[in-house]
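Each chain gets a letter, A, B and so on, in the order its sequence line appears, and its residues count up from 1.
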Amino acid sequence: MENITPSNFIEQAIVEDIKEKGLKKIVTRFPPEPNGYTHIGHCKAICIDFLTAEKFKGYTNLRMDDTNPSKESEDYVKALMDDIKWLGFKWKNLYYASDYYDFLYDCAIDLIKQGKAYVCELSADEISQTRGTLTEPGKESPYRNRSIEENLRLFEEMKAGRFADGEKTLRAKIDMASPNINMRDPVIYRIMHVPHFRQGNKWCIYPMYDFAHPLSDAHEGITHSLCSLEFEDHRPLYNWFVDNCRLITGVKPRQIEFARLNIAGTVISKRYFIELVDGGYVDGWDDPRLPTLAGFRRKGYTASAIKEFCTRIGVAKSNSIVQPHILEACIREELNKTAMRVMAVLDPIKVILTNYDSNKTENVEISNNPTIEKSKKHTVKFSNELYIEREDFMENPTPKFFRLTPNGYVRLMGAYVIKCDEVVKNSAGEIDYLKCSIAYDTKEQGIKPKGTIHWLSVKHSEKVRTRKFHDLLKEGEVYEHGMLDKIINPNSMEEHVSYIEPFALKQKGNMQFIRNGYYIEDCVLSKQNDRVYLETVGLKDSK
RNA sequence: UGGGGUAUCGCCAAGCGGUAAGGCUCUGGUCUCUGAAUCCAGCAUACGUUGGUUCGAAUCCAACUACCCCAGCCA
């Protein structure tokens with residue numbers, strides 16, 4: 001642990017702490033509130049929490065921050081755990097803040113006994129009104145100076161359920177004139193006659209985050225409590241509880257904040273996801289259009305690529321907006337090496353081979369992944385009627401167009417070299433189909449086509465459903481559009497074969513990805529910020 | 001106008017007083033049974049602004065400016 005070179009400001013701080021405090025073990029925690037599914041923002045936090053501890057040979061606890069029973073449920077707990085496991089992280093202990101309710105209650109009693117907490121009878125509105133403003137100090141509550149005995153009795157009665165929701169609160173007695181609003185006698189316990197998903201009806205008072213979090217951290221021996229920037233203002237309060245609660249012994253945890261993740265063009269917000277899911281605008285939490293881990297997984301993203309992304313974007317304190325191309329690059333880099341490829345034609349134009357027997361069918365072997373030297377192959381049926389990509393034919397070619405042109409040659413991926421002999425048009429003057437012929441003797445004739453294109457046999461391909469996706473809040477139209485190599489059997493495919501996404505149709509470099517023919521089961525065209533994206537939908541969990 | 005933060009290439013981001021890492025994007029070239037991938041090369045005299053200290057500053061000091069967060073009995 002002595003020779004660790006810090007690679008960000010958090011690790012730097014930890015190295016200093018190790019020297020100054022003589023820490024033996026670094027312990028972090030990932031503390032999600034079980035009220036929603038894991039999203040890419042959580043992933044960043046998860047990576048920071050786990051990877052930091054890992055670097056110092058320490059460990060990370062998973063703690064469900066379940067201090068508000070009105071929002072939380074067991075379903076989310078399970079989903080959260082599944083997601084973290086899927087990412088490949090192993091927590092040392094699984095805890096629940098609710099496991100500490102007794103301890104936390106004792107801490108509150110201790111604070112009261114020290115005259116550092118009091119039962120307040122101000123209503124929520126009154127507390128709000130007496131809190132002061134950003135520029136003016138607050139007013140002290142008339143209940144602030146009750147006797148310790150009375151506070152003890154009242155708090156006991158709060159716990160016993162004598163009062164209605166909101167009637168009383170327990171507040172820390174700190175400083176109503178503090179320039180930091182969090183220090184103006186924050187509420188630490190509120191009355192909520194709501195059953196807790198794990199505690200049932202045992203409690204009707206629940207601790208607030210600001211109180212429960214630092215004490216939970218300290219209680220379970222967390223040395224570094226890493227959280228996002230918006231909690232910077234809470235740090236003095238965090239330290240106040242750790243310093244003032246006499247039940248805390250041992251190493252005091254240190255809170256360090258980092259900037260949360262923002263991705264351009266993507267909303268990362270539980271509230272927003274809930275709206276979309278509950279409103280039926282998306283398929284569910286795992287809709288591939290959502291930046292949830294479940295959505296990414298369904299879309300074919302891999303855990304390692306997502307983790308790589310989190311590593312690449314780094315950890316800092318500046319509020320930055322990461323461009324999605326960084327994530328895309330991570331996905332592409334990995335999937336390029338691992339994903340099985342098949343041919344897919346999105347915008348077909350028919351090719352009829354005049355010198356190929358119309359009753360004949362041939363099996364063509366095509367590599368599952370050309371970047372793998374001894375890649376397995378899959379069989380694709382070849383016949384006299386084919387579809388090629390409309391974009392791969394140009395009637396009046398530009399000088400550097402290497403694909404199919406009238407009287408030009410092009411190679412059909414894994415199959416023959418063909419020549420376009422005639423462009424057949426309909427009455428409207430649009431291309432109906434192309435009459436082509438196979439050049440069987442390319443070698444003899446010295447024909448070396450510069451281009452290679454993908455294709456599908458008309459009678460052996462099948463349509464896939466695609467939808468045009470205008471706006472996340474509107475129902476998309478349905479289009480029949482696009483073909484899929486029929487030979488593909490999803491069950492035989494390895495994990496993560498579904499890559500496509502998200503790429504701009506107009507960006508040529510990225511177009512190559514679809515042209516390379518990854519598996520598509522169902523596509524969605526989405527338009528965001530004037531860019532058109534194509535994403536896969538419908539491939540069920542690949543786990 | 002109170003408090004807490006942040007400002008380095010199109011996007012992330014290192015740097016911690018000794019003369020601007022790296023990744024993504026982009027641009028050339030190479031190669032190729034998909035114009036992809038690969039490989040090779042290029043891409044900040046410049047670090048929010050203005051002053052100051054110093055032989056020397058992105059790094060220290062001062063004053064500005066811009067943006068973010070805080071007035072839940074949410075986390």
Side-chain angles (χ1 to χ4, degrees), chain A residues 7-9 12 31-33 35 65-68 70-72 97 120 122-125 127-138 165-171 177-184 186-192 205-206 208-210 212-213 227-236 257 259 261 264 270 308-309 311-330 332-333 336-337 341 343 366-367 369-371 389 392 400-403 410-415 417 449-455 508-517:
Chain A
S7 55
N8 61 46
F9 76 99
Q12 220 165 68
E33 182 185 18
N35 69 342
D65 222 349
D66 55 349
T67 55
N68 183 352
S70 66
K71 292 182 167 183
E72 300 145 6
C120 182
L122 256 25
S123 69
D125 275 353
I127 288 183
S128 173
Q129 281 159 19
T130 53
R131 191 166 5 238
T133 66
L134 296 177
T135 51
E136 300 158 36
D165 287 6
E167 207 175 315
K168 290 183 171 51
T169 55
L170 184 69
R171 295 225 259 163
S178 171
N180 181 344
I181 291 175
N182 293 300
M183 301 300 271
R184 317 237 262 233
V187 170
I188 60 181
Y189 262 96
R190 75 282 219 188
I191 299 171
M192 285 178 98
I205 54 170
Y206 292 95
M208 298 288 290
Y209 164 88
D210 280 323
H213 206 88
C227 63
S228 47
L229 244 32
E230 66 263 36
F231 291 103
E232 274 180 315
D233 287 343
H234 296 241
R235 195 182 338 120
E257 311 84 10
L261 174 67
K270 278 188 205 169
E308 173 63 20
F309 167 69
T311 304
R312 282 190 198 180
I313 57 175
V315 187
K317 293 189 75 163
S318 62
N319 278 305
S320 51
I321 300 173
V322 173
Q323 297 301 309
H325 62 66
I326 299 182
L327 209 207
E328 290 162 29
C330 295
R332 248 185 286 134
E333 195 172 286
N336 179 46
K337 294 177 195 151
R341 298 168 191 198
M343 295 191 286
I366 295 183
S367 168
N369 186 322
T371 67
E389 207 71 65
D392 287 342
K400 287 195 170 177
F401 185 79
F402 297 152
R403 288 164 277 162
V410 78
R411 183 190 304 281
L412 295 176
M413 176 88 148
V417 171
K450 277 191 174 176
T452 302
I453 61 174
H454 56 282
W455 50 272
K508 209 166 180 188
N510 285 330
M511 267 311 280
Q512 191 57 31
F513 249 82
I514 186 76
R515 301 186 71 241
N516 273 339

Which protein N or O atoms sit under 3.5 Å from an N or O of nucleotides 64-68 of chain B?
{"from": "C68(B)", "atom 1": "O2'", "to": "Asn319(A)", "atom 2": "ND2", "distance (Å)": "3.2"}

**Item:** Donor-acceptor contact below 3.5 Å, side chain Thr133(A) vs main chain Thr135(A)
**Value:** yes
**Request:** Round to a whole Å and report the spacing from CZ of Phe309(A) to P of A13(B).
**Result:** 11 Å
**Message:** Using only atom types and a distance under 3.5 Å, with no angle test, would you say the side chain of Ser178(A) pairs donor to acceptor with the backbone of Asn180(A)?
**Reply:** yes
**Message:** Check Glu33(A) with Lys71(A), please: is the shortest side-chain N to carboxylate O separation under 4.0 Å?
**Reply:** no
**Message:** Nearest to the side chain of Glu333(A), heavy atoms from C-beta on, is which of C12(B), C24(B), U1(B)?
**Reply:** C24(B)
**Fill in**
With sugar-phosphate taken as primed atoms, P, OP1 and OP2 and all else as base, the protein-contact string of nucleotides 70-75 of chain B at under 4.0 Å (heavy atoms; B, S, -) is BBSBBB
**Complete:** Between NE2 of His454(A) and P of U34(B) the distance, given in whole Å, is 13 Å
**Message:** Taking Glu389(A) first and then Arg403(A), would you say they form a salt bridge - that is, a charged N and a carboxylate O separated by under 4.0 Å?
**Reply:** no
**Request:** Return the nearest nucleotide to the side chain of Met413(A); candidates are C12(B), C24(B), C33(B).
**Result:** C33(B)
**Request:** Look at the side chain of Asp66(A) and the backbone N and O of Ala97(A), then say whether any donor-acceptor pair between them is shorter than 3.5 Å.
**Result:** yes
**Conformer about C1'-N of G18(B) - syn within 90° of 0, anti elsewhere** = anti
**Request:** Give a yes or no on whether a donor-acceptor pair under 3.5 Å exists between the nucleobase atoms of U25(B), that is its base, and the side chain of His325(A).
**Result:** no
**Item:** Rounded distance (nearest 0.5 Å) linking atom CZ of Arg190(A) with atom OG1 of Thr67(A)
**Value:** 5.5 Å
**Message:** If you assign Arg411(A) and Gln323(A) each to the RNA chain B nucleotide with the nearest heavy atom, which residue ends up on the more 5' nucleotide?
**Reply:** Gln323(A)
**Comparing Ile326(A) and Ala415(A) on RNA chain B - which has the more 5′ nearest nucleotide** = Ile326(A)
**Message:** Could you check whether the side chain of Arg403(A) and the base of G35(B) have a donor-acceptor pair of N or O atoms closer than 3.5 Å, going by distance alone?
**Reply:** yes
**Message:** Any side-chain to backbone donor/acceptor pair from Arg411(A) onto Pro449(A)? Under 3.5 Å, distance only.
**Reply:** no
